[in-house]
A.B. asks: 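There's a structure below that I have some questions on.
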Amino acid sequence: MTTAFSTAIRAFGLALLVAVPAQTLAQGPSLAFGSSDNSDKPVEVDADSLSVNQKDGTAEFSGNVRIVQGDMKLSAPRVLVEYTEDQSGVERLEASGGVTIVSGEDAAESETADYRVQDRVIVMSGAVTIVQGPNTISSDKVTINLATGTAQMEGRVRTVLQSGQSE
């Protein structure tokens, strides 16, 4: 289980690191997230409890879950890790209960975040807000495709972009 556990944590950490850098909104301006590449940094996980289910191939971190890799941080009340059928890797990671991802001065919040490792797609749903300095983008859902480096925000998108000019 130690190997599967390490694989899950590393995959989740790597997913966080590349989840949003260099993404583009569909038919819109570039939206970058994060300040540096943390992929070579160790992944640290803190939670109130960990429950492993060998039968269904899952591990659940719960209670004040905090995952840190370099300057990238994820916090949520619950993170579920689903392993592949042969237990050789991670199939899916699901954070829920109010998710916050922070990298440098950038932050993203949503009710849930679902990462399908093989598809390389992350879906953040429920009151999604991305804050970058003075700029804010919010919607009901954002789908991030890591393979293509694109993101699509759906459901009443609202954007506040500061011009950078002082009065």
Side-chain angles (χ1 to χ4, degrees), residues 1 3-34 36-41 43 45 47 50-62 65-70 72-103 106-130 132 137-157:
M1 185 60 204
T3 302
F5 177 75
S6 297
T7 302
I9 298 310
R10 177 149 307 281
F12 193 59
L14 293 175
L16 292 177
L17 296 176
V18 296
V20 196
Q23 50 181 299
T24 7
L25 292 175
Q27 302 177 4
S30 174
L31 177 65
F33 186 90
S36 62
D37 179 12
N38 297 297
S39 59
D40 62 340
K41 304 280 196 269
V43 176
V45 180
L50 169 63
S51 176
V52 178
N53 186 331
Q54 296 278 349
K55 236 179 195 178
D56 71 2
T58 63
E60 181 179 339
F61 292 94
S62 59
V65 180
R66 185 168 175 241
I67 301 173
V68 178
Q69 187 175 34
M72 182 72 74
K73 297 168 187 72
L74 176 137
S75 58
R78 176 182 170 269
V79 175
L80 179 70
V81 178
E82 293 180 8
Y83 298 100
T84 58
E85 195 172 313
D86 65 0
Q87 302 284 310
S88 65
V90 175
E91 184 171 320
R92 178 175 176 251
L93 298 159
E94 177 191 280
S96 61
V99 180
T100 302
I101 299 172
V102 177
S103 180
D106 298 340
E109 293 183 343
S110 65
E111 289 299 316
T112 65
D114 186 14
Y115 175 47
R116 298 213 176 263
V117 176
Q118 190 167 14
D119 297 336
R120 300 191 64 207
V121 172
I122 296 174
V123 177
M124 295 181 79
S125 299
V128 177
T129 302
I130 296 174
Q132 297 179 309
I137 300 173
S138 61
S139 69
D140 296 327
K141 177 180 170 182
V142 63
T143 301
I144 303 161
N145 186 320
L146 301 175
T148 63
T150 61
Q152 182 175 359
M153 297 189 87
E154 301 173 40
R156 198 64 190 154
V157 178

A.B. asks: Could you list all the salt bridge (Lys or Arg N to Asp or Glu O under 4.0 Å) pairs where at least one residue sits in residues 83-93, not counting sequence neighbours?
C.D. replies: Glu82-Arg92, Arg92-Glu94, Arg92-Asp114

A.B. asks: Grab the two heavy atoms, one from Val102 and one from Ala107, that are nearest each other, plus how far apart they are.
C.D. replies: CG2-CB, 4.1 Å

A.B. asks: What's the spacing between Ser96 OG and Glu111 CD if we round to 0.5 Å?
C.D. replies: 9.5 Å

A.B. asks: What's the separation between atom CD1 in Ile137 and atom CD1 in Ile130, rounded to the nearest 0.5 Å?
C.D. replies: 6.0 Å

A.B. asks: Show the nearest heavy-atom pair for residues Val128 and Met153, with the distance to one decimal.
C.D. replies: CG1-CE, 4.3 Å

A.B. asks: Please round to the nearest 0.5 Å and tell me the distance separating atom NZ of Lys73 and atom CZ of Arg66.
C.D. replies: 6.5 Å

A.B. asks: Taking atom OG1 of Thr112 and atom CE of Met124, what is their separation to the nearest 0.5 Å?
C.D. replies: 8.0 Å

A.B. asks: When rounded to the nearest 0.5 angstrom, what is the spacing between OG in Ser51 and CG in Leu80?
C.D. replies: 9.5 Å

A.B. asks: For the atom pair CG (Leu93) and CG (Leu74), what is the distance rounded to the nearest 0.5 Å?
C.D. replies: 10.0 Å

A.B. asks: For Ala76 versus Val79, what's the shortest heavy-atom pair and its separation?
C.D. replies: CB-CG2, 4.4 Å

A.B. asks: With Ser62, which residues qualify under side chain to side chain donor-acceptor pair (under 3.5 Å), at least two apart?
C.D. replies: Ser49

A.B. asks: Kindly give the heavy-atom pair with the smallest separation between Gly98 and Pro77, and that separation in Å.
C.D. replies: O-CD, 3.3 Å

